Amino acid sequence: MGKHDINAFLGAGTFFTGRLAFEGVVRIDGAFEGEITSPGSLVVGKNARISGRIDVGRLVCGGVVAAEVTAAAMVTVHATGRLTGSVTTPSLVVEEGGSLDGQVVMAGGGEAGATPAALAAGLDGGSGREP
């Protein structure tokens with residue numbers, strides 16, 4: 001994504017407390033405390049610090065996030081990223097060096113109707129065949 005694709009930018013050294021709602025792409029490199037809501041993408045720069053609640057289409061985490069996160073499409077934690085809290089998303093990527101500490105719910109992922117026990121039975125030869 002290029003710099004012209006970003007709709008708004010909170011630069012390093014900025015501090016914001018409150019509620020942020022947007023469409024498109026927003027990048028935060030400063031500090032934010034509060035609620036962020038968007039169908040679009042939130043990019044958290046490597047020097048950013050965010051706390052509160054995040055409900056977005058996509059989250060790209062390169063900084064420190066301590067939040068309750070819901071992402072409709074995907075969460076990516078880069079090698080410089082530190083994400084603490086609950087995460088609900090259908091797709092999750094954590095790069096080597098990145099950190100995720102909390103509860104993760106992969107909503108919408110996996111095989112429909114498959115329980116952990118059913119999946120384990122299929123992997124351990126429960127069908128009578130060797131895996």
Side-chain angles (χ1 to χ4, degrees):
M1 141 180 11
K3 66 181 178 181
H4 299 292
D5 296 329
I6 296 175
N7 296 22
F9 178 76
L10 292 174
T14 61
F15 303 92
F16 187 87
T17 300
R19 184 171 189 275
L20 173 64
F22 64 91
E23 291 189 17
V25 180
V26 167
R27 180 180 174 107
I28 297 176
D29 281 331
F32 184 97
E33 181 179 342
E35 182 179 348
I36 299 172
T37 306
S38 173
S41 298
L42 175 64
V43 179
V44 179
K46 69 178 185 175
N47 296 316
R49 299 202 179 285
I50 297 178
S51 63
R53 192 168 94 63
I54 299 171
D55 187 353
V56 293
R58 294 179 183 265
L59 172 65
V60 178
C61 178
V64 176
V65 174
E68 176 184 326
V69 175
T70 302
M74 173 180 243
V75 171
T76 302
V77 181
H78 288 299
T80 58
R82 304 287 174 260
L83 177 55
T84 303
S86 64
V87 177
T88 302
T89 185
S91 181
L92 174 66
V93 175
V94 180
E95 291 181 352
E96 185 175 348
S99 172
L100 173 60
D101 187 14
Q103 178 184 3
V104 177
V105 176
M106 300 291 289
E111 297 177 41
T115 64
L119 292 173
L123 294 176
D124 69 5
S127 65
R129 294 180 287 161
E130 289 295 319

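Counting begins at 1 with the first residue of the sequence. Treat the numbers as computed from the prediction; the structure is a model and nothing was measured.
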Check your understanding: Which atoms form the tightest heavy-atom contact between Thr37 and Arg19, and what is the distance?
Key ->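 Looking at all heavy atoms of both residues, the shortest contact is OG1-NH2, 3.8 Å.
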Check your understanding: Between Ile36 and Val26, is any pair of side-chain heavy atoms under 4.5 Å apart?
Key ->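 Heavy-atom side-chain distance check fails, nothing below 4.5 Å.
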Practice item. State the CG-CD1 distance between Leu42 and Ile54, to the nearest 0.5 angstrom. Key: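 These two atoms lie 5.5 Å from each other.
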Check your understanding: Is there a path from Val93 to Val25 through hydrophobic residues (I, L, V, M, F, W, Y) whose side chains come within less than 4.5 Å of each other?
Key ->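 No, separate clusters.
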Review point. For Arg53, which residues count as a side-chain hydrogen bond (donor to acceptor under 3.5 Å, both in side chains) partner, sequence neighbours excluded?
Key: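 Listed in chain order: Glu35.
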Check your understanding: What ring pair (Phe, Tyr, Trp, His ring centres under 6.0 Å) pairs are there with at least one residue in residues 17-51, not counting sequence neighbours?
Key ->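 Non-adjacent pairs meeting ring pair (Phe, Tyr, Trp, His ring centres under 6.0 Å): Phe16-Phe32.
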For residues 57-83, please give each side-chain donor-acceptor pair under 3.5 Å, one per line with the distance, not counting sequence neighbours.
unit_1, atom_1, unit_2, atom_2, d
His78, ND1, Glu95, OE1, 3.3
His78, ND1, Glu95, OE2, 2.9
Thr80, OG1, Gly62, O, 2.6
Arg82, NH1, Ala79, O, 3.4
Arg82, NH1, Gly97, O, 2.9
Arg82, NH2, Gly97, O, 3.4

